[in-house]
Protein chains: 4
Amino acid sequence: MGNTFGQIFRITTYGESHGGGVGVVIDGCPPQLKISEAEIQVDLDRRRPGQSRITTPRKESDTCEIISGVFEGKTTGTPISILVRNKDARSQDYNEMAQKYRPSHADATYDAKYGIRNYQGGGRASARETIGRVAAGAIAKKILKEVAGVEIIGYVKRIKNIEAEVDSNTVTSAQVESNIVRCPNPESAETMIELIDLARKEQDSLGGVVECVARHVPRGLGDPVFDKLEADLAKGVMSLPATKGFEIGSGFAGTTMLGSEHNDEFYIDENGDTRTVSNRSGGVQGGISNGENIVIRVAFKPTATIGKEQKTVTKGGEATLLAAKGRHDPCVLPRAVPMVEAMVALVLCDRLLYHQAQCKTLVF
Amino acid sequence: MGNTFGQIFRITTYGESHGGGVGVVIDGCPPQLKISEAEIQVDLDRRRPGQSRITTPRKESDTCEIISGVFEGKTTGTPISILVRNKDARSQDYNEMAQKYRPSHADATYDAKYGIRNYQGGGRASARETIGRVAAGAIAKKILKEVAGVEIIGYVKRIKNIEAEVDSNTVTSAQVESNIVRCPNPESAETMIELIDLARKEQDSLGGVVECVARHVPRGLGDPVFDKLEADLAKGVMSLPATKGFEIGSGFAGTTMLGSEHNDEFYIDENGDTRTVSNRSGGVQGGISNGENIVIRVAFKPTATIGKEQKTVTKGGEATLLAAKGRHDPCVLPRAVPMVEAMVALVLCDRLLYHQAQCKTLVF
Amino acid sequence: MGNTFGQIFRITTYGESHGGGVGVVIDGCPPQLKISEAEIQVDLDRRRPGQSRITTPRKESDTCEIISGVFEGKTTGTPISILVRNKDARSQDYNEMAQKYRPSHADATYDAKYGIRNYQGGGRASARETIGRVAAGAIAKKILKEVAGVEIIGYVKRIKNIEAEVDSNTVTSAQVESNIVRCPNPESAETMIELIDLARKEQDSLGGVVECVARHVPRGLGDPVFDKLEADLAKGVMSLPATKGFEIGSGFAGTTMLGSEHNDEFYIDENGDTRTVSNRSGGVQGGISNGENIVIRVAFKPTATIGKEQKTVTKGGEATLLAAKGRHDPCVLPRAVPMVEAMVALVLCDRLLYHQAQCKTLVF
Amino acid sequence: MGNTFGQIFRITTYGESHGGGVGVVIDGCPPQLKISEAEIQVDLDRRRPGQSRITTPRKESDTCEIISGVFEGKTTGTPISILVRNKDARSQDYNEMAQKYRPSHADATYDAKYGIRNYQGGGRASARETIGRVAAGAIAKKILKEVAGVEIIGYVKRIKNIEAEVDSNTVTSAQVESNIVRCPNPESAETMIELIDLARKEQDSLGGVVECVARHVPRGLGDPVFDKLEADLAKGVMSLPATKGFEIGSGFAGTTMLGSEHNDEFYIDENGDTRTVSNRSGGVQGGISNGENIVIRVAFKPTATIGKEQKTVTKGGEATLLAAKGRHDPCVLPRAVPMVEAMVALVLCDRLLYHQAQCKTLVF
């Protein structure tokens, strides 16, 4: 069941790095939503390889085809199947990796679990798998926007130890997209790009932090106790490749404060709405959205596949050395931005539909 | 569906802080497991209120009753229902909170979502809800121990800014239980206890970090792509009350390293097993356990309910002040330790059973 | 997962015939529904043993306790836990059955599957398990009535070969409850009661057919392709003990007609609604309710446990004879009526909530 | 969620009659199973249109492509995506049906539910949707065969009122496939074919009954209480288009027997196994397989789409007449045989994996 996400707005992804293609089936999508391949392509293009010199040079247009579920430009309420064919597969690059396990990659654990592994390009463990998520996320974003004007904006907050100052309340998509590293702070962006360029040249890799804000999220989303909004968001983003940590609102830093400092005091705003003065809660209290901006951060480790030589072992149990071939990102962060946004959108859309079911059937 | 966790070893919890009681129904438990109320009570006692001067003074023995699913001391494969009655409920303490929203608590969001709220003792948002998880977790722990000798040990790693040095490879339960704050480092424990005592006297509260290690976890648990082990662990612990962050292995700190520094190089150990020299992965690669220790950290914010006076609003939309009555923990960390362990056990047990289903039916 | 039913209005039942009790946890119930133990008790009383001379003489009041999820007389949106304690358990009656397998009962298969079995009173395989379903069904019925005025009326259509003529369009609950066999046709009822009396005296048992109609069901419920309304109804009722068949609308008899005879022609009624002249579809077309009455029939086999001596084997593999002791129904049909109604209500309520989620979020 | 079936061996189907194609994603498939497109094609060919003069003349080769989840001829444990493109779509045939609702078809209810409908060829309500099920069923069959030698054989038992005598204990696939109506009794088959020929000429349609036997099913499959084997089988087959009824074992006929006549007495066979003399239970007792043959019957109504003129209404609410164009089956039964087999295989495979998870983790 590991390839399905969501309870009502439910996606199932499939596909490997090499082979026929990758895709997604979306079940439970509301009918009568206008949607086109072009709209979905926007986010796929932000995710695709080869988009800039700091991403993997693999050449894939990642052009999507809607196979079902859309009729005359609108969703029909039946499953939406979206397929992206693999094109630029150089399987021969991976012959060495069929035998040698890449350190901190999924090669060894896939073999241990399944006893078999599609080793070409990382197989199912490739970040290429996220295409289905991003395509589905584009539809989820549109639903959220239509229903409540929700805006979801992700950006690179930190690369290695270069941390950008960004105001999550005001940051725009245009600022994020204004540079190839997707950091809305231009000075930080420049330094980050230099760092990545350097890592690439040295056959090494970098990690960092993506921050994501969701604005205008309706109050009431999230379902205690296990499907608390922060729990579902955590699961969603921690299921992305290369993630090592998750925070909402004040996160780990908030644990050093006193309760009297940390609590978000309430006030009544000019519209008579219950609001909080501060937002250390990150837009969620008791597992339920409170109408403030939802702010999360996700830690991405440095890319595991690097060209530098490392000690490793073979499938057969021999010690060896590996300098990985194949094409990979020196830093996944710029391409991880649309992935994080997609997971946030999928969670919010799923919880929106569930909320509609439980809380809007009897009472309007 | 928010009250069910797990796919095969699946628990459903119910109950509020005040009222008839709290409990859990466990479905999918393997048959023929020896289990008794006394074994379950061990973890419930570690979770219960009033266990020491640094926890809430509410007096509850939290004695559990197994209502079904166990016959002549063994599980039968049918659902195990466990009930704990509420005893020491002082509902009158909460009359003020029926009207005044506690800052950073769930009062306002429950009202916004459901339009109704059991305000006594926090209702469903009370940490009392976790009794069912801890009871189920005790059974999950036993299964994991019987099948593979898995040991799950949680402990307080940090209170406010007092961080304890602890070796996750060697820490023992006895060390954790040797003091009331559940920090296995005695010197740090002492300082932590003083800090909590002080916060309690000042009607304030503290947060911190719980670390948890799972040792002897079999290789192969966790199901890419959405049910990656780190994703399920993140969801599990982030569904606990008061959590703000999650890390596995190197976590956020790992993002400042180079790939060549961060990667866990492989070697073949004396038994011919594929092992890693370091463990920045935290026991999981590609979403699948690799046989190394699983190490996670969870950020808990300072308790929201405090005696200090704070600005807030009423249900009716009036600005007001609140100095919370009722009995609450100045710091949830000591009691959060068994909760975190329970969630880790529930995730591992569920993934163990799923792995058995998918990967052990055709191939033994 | 076998003990959970429904996707959004989701119930989990637990409990055995003997032991602490039986119960249900309902998750996903809409908040702000007025509900009381007394309302639930009405259907439990229709299900309980000892209600008449033609049911098992076991004396159980089956008094229910709402443990959680209801506050000041209304649902809160949190899980509703309902418990019924077992009282009149005569475990000693079952000592023989600990060893000897009752023909056509679950004794042997439970042992084969789980390797262990609570043999007292049939354990989990007892019809006592349905208490949780009936309690939850009472709440589902109320939601359906409040939202759309849905009426669900089950009745005994046939006992052995005595088939009653009943008009499903006009039958009332009062007619059903006017006699102890729950057949709304008084003459047929009388003969049925005589047949059951006779079977009881002869230590034998009878089967038959329950028919159930749901009126005023809104158009649009049911979710192609796998959660078609008839598929969920079939699963719901075929999960009741002793069921051997299911039909909707024309059922097996309809298979002998020509398409031109069988099709339900459409017309526009006085309100401008699209209606069908006939109702061979049984209120469902393409898996979706069409606004006509939903009519199903369920086959119940003769009770497996009988006092007459039968050939069987022991757990240890010895041929033997068994004349079952213990208290059992000579015919389950009268008590099965509220069980069938409950399953129909649970399915319709679940599909109502899902429909609200998918089809009422974007378009009102 | 309506497009997903199964809990562990879980399939999600998508696609409409016209448009890009139809397909399935299979999650949870055990790794290392040898499987090829050619093996899957065998069952698809038994299901495809145009296979004989008594099926729809639509020309589709229904050639399948495995897009993912299989590597070097073996399953990898990752999702298996299978796609069949639509080829011979004559959308213009359906222009009239865009406005006029076919009696007893899904046109009107889809419009009522979703407010939009892909009217070409019945859209999602077309039996073309079952391609994904049949493809997945072929894989499920292979797993069941490899693990336990399970044989699943469906056949036409009755067309209109021509009922064939067939011995479910000995019937072979070769006998079923020896004629175009898939009835293993040659004389009955001949009469059935004549009947269908006649109906086709008269622009009318016929229904009937498919029987299906599963032999060598291991003891212990099926999960009380809601996932009883008969409940899951009922749901599976009742989710197929045009079904009106389901029976297991003695079915409706069994309800007229006395318990002493109906019960399956036990004996110990030559291998020391617990067996039953008769098999009125149909291979399932208490929801769990007992090792005897599983025998079910499914009622299929006469095809709703017929060429004969019928009264109906338009989408706009006008009374009108319709003589359906397009290509359809005068009788779905011959092509329904592999569909029923597929659903039986999917249920058994899913329950096999679940049984492995719950009952084989602790005890071997």
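In what follows, every chain begins at residue 1, and chains take the letters A, B, ... in the order their sequences are listed. Worth knowing before you read on, the calculation uses all heavy atoms, side chains too, and leaves out hydrogens, waters and symmetry mates. This structure is a prediction, so every number in the text was calculated from the model and none was measured.
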J.: Which atoms of N3(A) come close to chain B, meaning under 4.5 Å heavy atom to heavy atom: side chain ones, backbone ones, both, or neither?
T.: both
J.: Using the side chain to side chain contact (heavy atoms under 4.5 Å, CB included) rule, pick out the option among R133(B), E129(B), R128(B) that qualifies with I131(B).
T.: R128(B)
J.: Measure distances from I296(A) to the heavy atoms of chain B and classify the residue's part below 4.5 Å as side chain, backbone, both or neither.
T.: neither
J.: Under 4.5 Å from any heavy atom of chain A, what part of R124(B) do you find: side chain, backbone, both or neither?
T.: both
J.: Just one of E292(A), K228(A), E230(A) clears the side chain to side chain contact (heavy atoms under 4.5 Å, CB included) bar with V284(A), so which one?
T.: E230(A)
J.: Between H355(B) (side chain only) and G222(B) (backbone N and O only), is there a donor and an acceptor less than 3.5 Å apart?
T.: no
J.: Can you tell me which portion of L322(B) sits under 4.5 Å from chain A's heavy atoms? Options are side chain, backbone, both or neither.
T.: neither
J.: Check each atom of R158(B) against the heavy atoms of chain A and say whether the ones under 4.5 Å are side chain, backbone, both or neither.
T.: side chain
J.: Less than 4.5 Å to any heavy atom of chain B: does that hold for the side chain of F5(A), its backbone, both, or neither?
T.: both
J.: Looking at D329(B) and R200(B), is there a salt bridge between them, counting it only when a charged N and a carboxylate O are closer than 4.0 Å?
T.: no
J.: Is H262(A) in contact with chain B via its backbone, its side chain, both, or neither, using a 4.5 Å heavy-atom distance?
T.: both
J.: Below 4.5 Å from any heavy atom of chain A, which atoms of Y110(B) appear? Answer side chain, backbone, both or neither.
T.: both
J.: Heavy-atom cut-off 4.5 Å, strictly under: side chain, backbone, both or neither for E202(A) against chain B?
T.: neither
J.: So what's closer than 4.5 Å to chain B heavy atoms on T4(A): side chain, backbone, both or neither?
T.: backbone
J.: Pick one of side chain, backbone, both or neither for I306(A), based on which atoms fall under 4.5 Å of a heavy atom in chain B.
T.: side chain
J.: So for K308(A), is it side chain, backbone, both, or neither that comes closer than 4.5 Å to the heavy atoms of chain B?
T.: side chain
J.: Salt bridge or not for D227(B) and K235(A), using N-O below 4.0 Å?
T.: yes
J.: Under 4.5 Å heavy-atom distance to chain A, tell me which part of I8(B) shows up: side chain, backbone, both or neither.
T.: side chain
J.: By a 4.5 Å heavy-atom criterion (distance strictly below it), what part of S278(A) contacts chain B: side chain, backbone, both, or neither?
T.: neither
J.: Is there a donor-acceptor pair closer than 3.5 Å between any side-chain N or O of K160(B) and the backbone N or O of T255(A)?
T.: no
J.: Please state whether the side chain, the backbone, both or neither of A125(A) comes within less than 4.5 Å of a heavy atom of chain B.
T.: neither
J.: In Å, rounded to the nearest 0.5 Å, how long is the span from NE2 of H328(B) to OG1 of T303(B)?
T.: 9.0 Å
